[in-house]
Amino acid sequence: MRAQPPPPPRWADAGLVSGEAVELDVRVARLGSRVLALLIDAVIQLVLFLLLGAVLAMVALALLGDFLDAALAGALQTVLLVLVLLGYPVMMERFAGGRTVGKLAVGLRVVRADGGPVGVGQSLTRALVGVAVEWPGLVLPLLSWVASVTVMLTDPRGRRLGDLVAGTLVVHSRGAALWRPLPPAAPPLLAWAATLDLTRFDDGLALAARQYLDRLPQLAEPDRSRLGRALWAEVAAVTSPPPPWSAPDWVYLSAVLAERGRRAALRLGRARTVTATLWPELAPAPAPATVPHAVAPAALRPAAPATGRLRSAVPDPGPDPVRR
């Protein structure tokens, strides 16, 4: 029997703990995201191999000349292929913080099993195991691919054979933040916000203010007020005129962001109007208005005229009893 019910499922499943014994909100990368990153890296490696192969061929022809035969050309291609397959992931993970181009595009990162940064030796081990038994899988390709996929699906942290040998882990570097709607602008500040000069209010500062307002319910005092004052000081330095009356800092930030969104919507509407005028075929056609339960005109019969025959068909009620 359980003394307590099991905890609900959480977003973080990497099991990484910081030095202060706090579990990090990190999610491990599973098969789908890792295969997508691998496909992007494979295309980049193919392009690198073709470009470097062309350069190497021209250099070999210039330096070796008549000494270049088919055996030597094959040996140079093999060396180049090994350098691309091993050097690309090792150098990228070394200088890009555990990320290749594919991992950057998907939002993944290679870290040690304890959450620390990956080293050159671990990256080289991962690459060697990957080339040998995973991708391209020089040793029994089909069997090694099945074994690699099985290991990734059965491992609780989604690790492949190279991760198990090197002691590494692939995690998501982007959190799954839930974007809440912005607090509406206070009505007394609407007229002031309409006169703001927002030309120096850049996207980075707007994103910082947006994230602060999104996480405002989760922040505790005094950090919430201190961060709000700091953000409003930055926003006030690049906007004018100053607000007309005193209010909390988050109220000012909400009004500024709401006005920025309103102006962006107006610009987008004007751009769509111009596009629809110049290229009508690009504008979406309006949906035809339909009347529910409409009856076809052919199914309607014309009304009968008020003829004497129609009047005679109505029985005479006789003299009015009231008048009688």
Inset, instruction - Would you confirm whether Q122, through its side chain, and G119, through its main-chain N or O, come within 3.5 Å as a donor-acceptor pair? - result: yes
Legend entry - Heavy-atom side-chain proximity of P89 to L124 below 4.5 angstrom: no
Inset, instruction - Could you grab the distance from atom OG1 of T275 to atom CG of L268, nearest 0.5 Å is fine? - result: 9.0 Å
Legend entry - Derivation and outcome, side chain to side chain contact (heavy atoms under 4.5 Å, CB included), residues F95 and V90: CA-CA 9 Å; F95 295 103; V90 173; over 6 Å; no
Inset, instruction - Would you mind checking if D163 and R34 are paired as a salt bridge, meaning a charged N to carboxylate O distance below 4.0 Å? - result: yes
Legend entry - Spacing of L189 atom CG and Y252 atom OH [to the nearest 0.5 Å]: 7.0 Å
Inset, instruction - Keeping the roles fixed (side chain from Y212, backbone from R224), state whether a donor-acceptor pair exists under 3.5 Å. - result: yes
Inset, instruction - Would you check if L108 and S33 make a side-chain contact, meaning some heavy-atom pair closer than 4.5 Å? - result: yes
Inset, instruction - Indicate yes or no for a side-chain donor-acceptor contact from W232 to the backbone of L227 under 3.5 Å, with no hydrogens or angles considered. - result: no
Legend entry - Linked, directly or transitively: V170 and I44 (ILVMFWY side chains, under 4.5 Å): yes
Legend entry - Test item: V101 and D41 side chains (from C-beta on) under 4.5 Å apart, heavy atoms: yes
Inset, instruction - May I ask you to check whether T168 and R126 show a side-chain donor-acceptor distance below 3.5 Å? - result: yes
Inset, instruction - Test W145 against E134 for side chain to side chain contact (heavy atoms under 4.5 Å, CB included), laying out the working first. - result: CA-CA 6 Å; W145 294 347; E134 291 177 332; 5.7 Å; no
Inset, instruction - Side-chain contact test, heavy atoms from C-beta onward, threshold under 4.5 Å: evaluate it for R260 versus D203 and give yes or no. - result: yes
Inset, instruction - With rounding to the nearest 0.5 Å, note down the distance linking CZ in F201 to CD in E259. - result: 11.5 Å
Inset, instruction - For A193 and A255, work out which heavy atoms get closest and say how close. - result: CB-O, 4.0 Å
Legend entry - Closest heavy-atom pair and its distance - R160, G130: NH1-CA, 3.8 Å
Inset, instruction - Check the hydrophobic clustering (I, L, V, M, F, W, Y; side-chain heavy atoms under 4.5 Å; chains of links allowed) and say if V131 and F49 are grouped together. - result: yes
Inset, instruction - Tell me, yes or no, whether the heavy-atom count around R263 atom CZ, taken from other residues, nucleotides or ligands under 6.0 Å, exceeds 12. - result: yes
Legend entry - Check against side chain to side chain contact (heavy atoms under 4.5 Å, CB included), L142 and V146: CA-CA 6 Å; L142 294 178; V146 174; 5.7 Å; no
Legend entry - Within 6.0 angstrom of R94 CZ, more than 12 heavy atoms from elsewhere: no
Inset, instruction - Take M152 and R159, measure what side chain to side chain contact (heavy atoms under 4.5 Å, CB included) needs, and give me the verdict at the end. - result: CA-CA 5 Å; M152 292 184 63; R159 293 174 294 181; over 6 Å; no
Legend entry - Non-hydrogen atoms of P241 and T195 that approach each other most closely: CD-O, 3.6 Å
Legend entry - Any side-chain heavy-atom pair of L164 and D155 under 4.5 Å: yes
Inset, instruction - Find out if a path of hydrophobic residues (ILVMFWY) with successive side-chain heavy-atom gaps under 4.5 Å connects L104 to V47. - result: no
Inset, instruction - Spell out, as yes or no, whether a donor-acceptor pair under 3.5 Å connects the side chain of S144 to the backbone of V133. - result: yes
Legend entry - Residue pair A258 / A185: nearest heavy atoms and the distance that separates them: CB-CB, 4.0 Å
Legend entry - Option among K103, E93, H172, R99 that satisfies the side chain to side chain contact (heavy atoms under 4.5 Å, CB included) test with R109: R99
Legend entry - Distance, nearest 0.5 Å, that separates CG of L50 from CG of L80: 9.5 Å
Legend entry - Donor-acceptor contact present, side-chain T154 to main-chain V151, <3.5 Å: yes
Legend entry - Single-linkage hydrophobic cluster, 4.5 Å side-chain cutoff, V59 and L72 together: no
Legend entry - Non-hydrogen side-chain atoms of L169 and V28 separated by less than 4.5 Å: yes
Inset, instruction - Would you give the length of the straight line joining atom CG of L198 to atom OG of S240, rounded to the nearest 0.5 angstrom? - result: 9.0 Å
Inset, instruction - Using a 4.5 Å cut-off on heavy atoms from C-beta on, say whether the side chain of L216 contacts that of D214. - result: no
Legend entry - Min side-chain heavy-atom separation P136-L85 under 4.5 Å: yes
Inset, instruction - Looking only at non-hydrogen atoms, find the nearest pair between D249 and S225 and report the distance. - result: OD2-O, 4.4 Å
Legend entry - Rounded distance (nearest 0.5 Å) linking atom CD of Q77 with atom CG of L52: 12.5 Å
Inset, instruction - Mark yes or no for whether W135, through its side chain, and A42, through its backbone, hold a donor-acceptor pair below 3.5 Å. - result: no
Inset, instruction - Would you check if the side chain of T239 reaches a backbone N or O of V235 as a donor-acceptor pair within less than 3.5 Å? - result: yes
Inset, instruction - Treat each ILVMFWY residue as a node, draw an edge where side-chain heavy atoms are under 4.5 Å apart, and state whether L153 and V35 are in one component. - result: yes
Legend entry - Heavy-atom pair with the smallest gap, counting every atom of V251 and A186: CG1-CB, 4.1 Å
